[in-house]
Amino acid sequence: MNQRQLASRCTLSSVTSWENLFAAAYAARRGKSRRPDVEEWWRLRETELNRLREELLAGSYRPGPYRFFEIHEPKRRLIAAAPFRDRVVHHALCRQLNPLLQRRFIARSFSCQIGKGTTAARVCCRNLTHRYRYVLKNDVSKFFPSIDHQILFKKLSRFVRDDHVLQLIWRILESYQTGSQLPLNLFPGDDWTVVASRPRGLPIGNLTSQWWGNFYLDEMDHFLTERCCHGDYLRYTDDFLLFANDPGRLWELRAEIVGQLAALRLRLAEPKSRLLQTLEGVPFCGFRFFPSLSPRILGATKRRFEARRRRLLKRRDFRQLGVSVFAWYQFSQEGNSAGLRQSYARRRKPI
C-alpha cells in the first residue's frame, strides 16, 4: 500500500470506528488497570466509548485538563498526564496516523517503533563506533517544550487529507502550551510580539507527543542522509550522532544541522553537542561505547539506580524494588557489567 492509499484511510470514520476505539481503549489501559480513574472508566467502557464517539463525530470533543507531576530520572522533567478518555483518543488517532508517519522514517531513526527501541539504537551505535574515529554528538535544547505548533501542524497536514482529522490534531496540539518559564527562542528576523504569540510545546506524557516529536526531525534525517549523502548517522528522538573519519567533514555537517534546526525554531544544546574521538567513548542511551570493546554503563546511570534502590528500601516498597532491580539487571546485561552485577549479589546489608 502506497502513501496515497494510506492517507486516504486516515479519516474520521476510521478513527472513530468501534473496532479502532475498542483497540485504543485496551492499549491505553495496558499497565494502568489498577488506577481508580481507569477502573471506573473501564467499568462503564461501552457507555463512555459511545459518548466519546458521538463527540468526535459531531466535532464537539475537547481535551480535558492535564495532571502535572515531576520525575527525576533520568533527569528532572515535568510530565503532563492527560485524562484516560483523552489517552483513548490519542491511541485511536495514532493507530490510523502512525503507519503514514512510519513510512517516512529512515532506517536509523529509532524510538516509537516496534523493534527500534533503545536496544536497537545501542546496537547501531556500537557498530558505528567500531568503524569510525570521530563522532559528532548532538542534542536539541529543550526539545519537547520548544516544538512549534504551526510548523508541526503544517508537516502533519501534508500526510492527512481529512479535514476533520486535522481539526482533531489541532485540538490536541492546542490543549497544551509551554509556559513563560521557558525563554523564547529568537532567530534572525524575529519580532518579539509575533514570537510570543506562537504556541509551542508538546506534553511529554502523551503518546501523540512521542510520535510527533520523532516526526518533527524527520526532514532533517532525510536532509543529512540524502542531500548531504552522510549515511553514518543515527537518531533517538532528539539525541543524534554523526560518525566519520574526517573531523572537518563533521564540522561542515554541524553548520548544516544548525540551519536545519533553525528552520524548525530549535537550537543545539551546549555543551552537550560536541565533537569526540570514539576512543574517548561515545555516551549514548545510558552507555559509553568504545571501539572493539563492550559498552560500559555511564556513571550517572549507576548513581540513579543506586539512589532509586535506596529510596525504595527506605519506603519498604519491596514489590516496586523487585521490578526495578529486574529492569536494571536486564538493562545492565547489554554492556560490560558482570563485575558490577556480582558486587550487588555479594551485598548482605542494604546501604
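For this chain, numbers begin at 1 and follow the sequence in order.
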Undergrad: For E334, is there an ion pair with R126 - N to carboxylate O distance below 4.0 angstrom?
TA: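 Between E334 and R126 there is no salt bridge, as every charged N stays at least 4.0 Å from the carboxylate O atoms.
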Undergrad: Measure the acute angle between the ring planes of Y26 and W42, then classify it against the limits of 30° and 60° as parallel, tilted or perpendicular.
TA: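 It falls in the perpendicular class, over 60°.
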Undergrad: In Å, rounded to the nearest 0.5 Å, how long is the span from OG of S146 to CG of L264?
TA: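 Answer rounded to 0.5 Å: 11.5 Å.
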Undergrad: Go through R235 and N214 one step at a time and tell me if the side-chain hydrogen bond (donor to acceptor under 3.5 Å, both in side chains) criterion holds.
TA: CA-CA 9 Å; R235 179 172 64 86; N214 200 23; 2.9 Å; yes
Undergrad: Provide the closest heavy-atom pair for V160 versus C10 in the form atom of the first, atom of the second, distance.
TA: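 Looking at all heavy atoms of both residues, the closest pair is CG1-O, 4.5 Å.
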Undergrad: I'd like to know if E306 pairs up with R303 as an ion pair, taking the criterion as any Lys NZ or Arg NE/NH1/NH2 lying under 4.0 Å from an Asp or Glu carboxylate oxygen.
TA: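 Answer for the salt bridge query: no.
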Undergrad: Does E40 come within less than 4.0 Å of R43, counting only side-chain N to carboxylate O?
TA: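 Here E40 pairs with R43 in a salt bridge, since their nearest N and O are under 4.0 Å apart.
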Undergrad: Count the heavy atoms of every other residue, nucleotide or ligand shown that sit under 6.0 Å from NZ of K142, and state whether that count exceeds 12.
TA: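 Check fails, neighbour count at 12 or below.
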Undergrad: Using a cut-off of 6.0 Å, state whether more than 12 heavy atoms not belonging to E46 lie near its atom CD.
TA: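 Counting other residues, nucleotides and ligands, CD of E46 stays at 12 neighbours or fewer.
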Undergrad: Is there a path from F318 to F305 through hydrophobic residues (I, L, V, M, F, W, Y) whose side chains come within less than 4.5 Å of each other?
TA: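 Linked, F318 and F305 end up in one cluster.
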Undergrad: After noting the C-alpha distance and the side-chain angles of R254 and L268, does the key distance pass the side-chain contact (heavy atoms from CB on, under 4.5 Å) rule?
TA: CA-CA 10 Å; R254 188 183 191 279; L268 286 176; 3.9 Å; yes
Undergrad: Establish whether L298 and L279 are linked, either directly or via other cluster members, by ILVMFWY side-chain heavy-atom contacts under 4.5 Å.
TA: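 As far as the 4.5 Å side-chain criterion goes, L279 and L298 are not connected within one cluster.
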Undergrad: Please give me the minimum heavy-atom distance between Y134 and L250, naming the atom from each residue.
TA: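 Between these two residues, the closest heavy atoms are CB-CD1, 3.8 Å.
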Undergrad: Please confirm whether the ring centroid of F331 lies under 6.0 Å from the ring centroid of W328.
TA: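 For F331 and W328, the ring centres are under 6.0 Å apart.
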Undergrad: Measure the acute angle between the ring planes of W211 and F105, then classify it against the limits of 30° and 60° as parallel, tilted or perpendicular.
TA: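 Answer is parallel, since the angle falls under 30°.
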Undergrad: Under 4.5 Å between any side-chain heavy atoms of W212 and N206, yes or no?
TA: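 Contact flag for W212/N206 side chains = no.
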Undergrad: Could you tell me whether R171 and D86 have a side-chain N and a carboxylate O separated by less than 4.0 Å?
TA: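 No.
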Undergrad: Taking the side chain as C-beta and beyond, is there a heavy-atom pair between L241 and Y236 under 4.5 Å?
TA: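 In short, these two side chains do not touch, never coming nearer than 4.5 Å.
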Undergrad: List the steps, then state whether salt bridge (charged side-chain N to carboxylate O under 4.0 Å, His left out) holds for R85 with E55.
TA: CA-CA 12 Å; R85 74 191 304 264; E55 290 180 14; 3.2 Å; yes
Undergrad: Answer yes when R158 and E219 have at least one side-chain N-carboxylate O distance shorter than 4.0 Å, and no when they do not.
TA: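 E219 and R158: salt-bridged.
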Undergrad: Are L275 and L224 grouped together when hydrophobic residues (ILVMFWY) are joined by side-chain heavy atoms under 4.5 angstrom apart?
TA: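 Yes, L275 connects to L224 through the hydrophobic network.
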Undergrad: Are D239 and K137 ion-paired here, with the side-chain N under 4.0 Å from a carboxylate O?
TA: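 Salt bridge: yes.
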Undergrad: Please step through side-chain contact (heavy atoms from CB on, under 4.5 Å) for the pair W18 and N50, ending with a clear verdict.
TA: CA-CA 9 Å; W18 282 110; N50 185 58; 3.6 Å; yes
Undergrad: Should we say atom CZ of F326 is surrounded by more than 12 heavy atoms from elsewhere, each under 6.0 Å from it?
TA: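 For F326, atom CZ is not crowded (no more than 12 foreign heavy atoms under 6.0 Å).
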Undergrad: With D148, which of R200, R198, K154 fulfils side chain to side chain donor-acceptor pair (under 3.5 Å)?
TA: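 In the set R200, R198, K154, the residue that makes a side chain to side chain donor-acceptor pair (under 3.5 Å) with D148 is R198.
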Undergrad: Hey, what's the ring geometry for F68 with Y176, parallel, tilted or perpendicular (30° and 60° as the breaks)?
TA: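 If you compare the ring of F68 with that of Y176, the planes turn out tilted.
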Undergrad: Going by side chain to side chain donor-acceptor pair (under 3.5 Å), S324 matches just one of R309, R319, R308. Which one?
TA: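 Single side chain to side chain donor-acceptor pair (under 3.5 Å) partner of S324 among R309, R319, R308: R308.
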Undergrad: Quick one, Y233 with N138, criterion side-chain hydrogen bond (donor to acceptor under 3.5 Å, both in side chains). Give me CA distance, side-chain angles, the key distance, then yes/no.
TA: CA-CA 11 Å; Y233 160 85; N138 302 277; over 6 Å; no
Undergrad: Determine whether R95 and S17 satisfy the following criterion, side-chain contact (heavy atoms from CB on, under 4.5 Å), listing intermediate values before the conclusion.
TA: CA-CA 11 Å; R95 281 175 55 83; S17 68; over 6 Å; no
Undergrad: A cation-pi test, strictly: NZ or CZ of R122 under 6.0 Å from the centre of the six-membered ring of F110 and no more than 45 degrees from its axis. Yes or no?
TA: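 The answer is no, since R122 fails at least one limit relative to F110.
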Undergrad: Could you tell me whether the side chain of L97 reaches within less than 4.5 Å of the side chain of I169, counting heavy atoms only?
TA: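 Answer yes - side chains close enough.
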Undergrad: Would you find more than 12 non-hydrogen atoms of other residues, nucleotides or ligands less than 6.0 Å from E270 atom CD?
TA: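 Yes, enclosed.
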Undergrad: Can you find a pair of side-chain heavy atoms, one from L166 and one from F153, that are under 4.5 Å apart?
TA: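 Sidechains of F153 and L166: in contact.
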Undergrad: F290 ring centre to R296 NZ or CZ under 6.0 Å, with the angle to the axis within 45°?
TA: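 Judged by the rule (NZ or CZ under 6.0 Å from the ring centre, within 45° of its axis), R296 counts as positioned above F290.
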Undergrad: If only atom types and distance count, is the side chain of H230 paired as donor or acceptor with the main-chain N or O of F243 below 3.5 Å?
TA: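 Judged by distance alone, yes, a pair lies under 3.5 Å.
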Undergrad: With clusters defined by side-chain heavy atoms of hydrophobic residues (ILVMFWY) lying less than 4.5 Å apart, directly or transitively, does F287 cluster with Y329?
TA: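 As far as the 4.5 Å side-chain criterion goes, F287 and Y329 are not connected within one cluster.
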Undergrad: Determine, stepwise, if the pair E48 / R45 fulfils salt bridge (charged side-chain N to carboxylate O under 4.0 Å, His left out).
TA: CA-CA 5 Å; E48 293 288 350; R45 57 187 177 276; over 6 Å; no
Undergrad: Quick check: is W251 connected to M220 through a chain of hydrophobic side chains (ILVMFWY, heavy atoms under 4.5 Å apart)?
TA: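 Linked, M220 and W251 end up in one cluster.
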Undergrad: Do other residues, nucleotides or ligands put more than 12 heavy atoms under 6.0 Å from H164 NE2?
TA: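 Counting neighbours around NE2 of H164, 12 or fewer heavy atoms of other residues, nucleotides or ligands fall under 6.0 Å, so no.
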Undergrad: Distance-only, no hydrogens or angles: does the S109 side chain make a donor-acceptor pair with backbone N or O of I106 under 3.5 Å?
TA: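 The answer is no, because no donor-acceptor pair under 3.5 Å joins these two groups.
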Undergrad: At what distance, to the nearest 0.5 angstrom, does CZ of R288 lie from SG of C125?
TA: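 Atom-to-atom, R288:CZ and C125:SG are 11.0 Å apart.
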Undergrad: State the CG-OG1 distance between L56 and T16, to the nearest 0.5 angstrom.
TA: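 These two atoms lie 6.5 Å from each other.
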Undergrad: Does this structure show an ion pair linking D232 with R131, if we count only N-O contacts that are shorter than 4.0 Å?
TA: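 Yes, D232 and R131 are salt-bridged.
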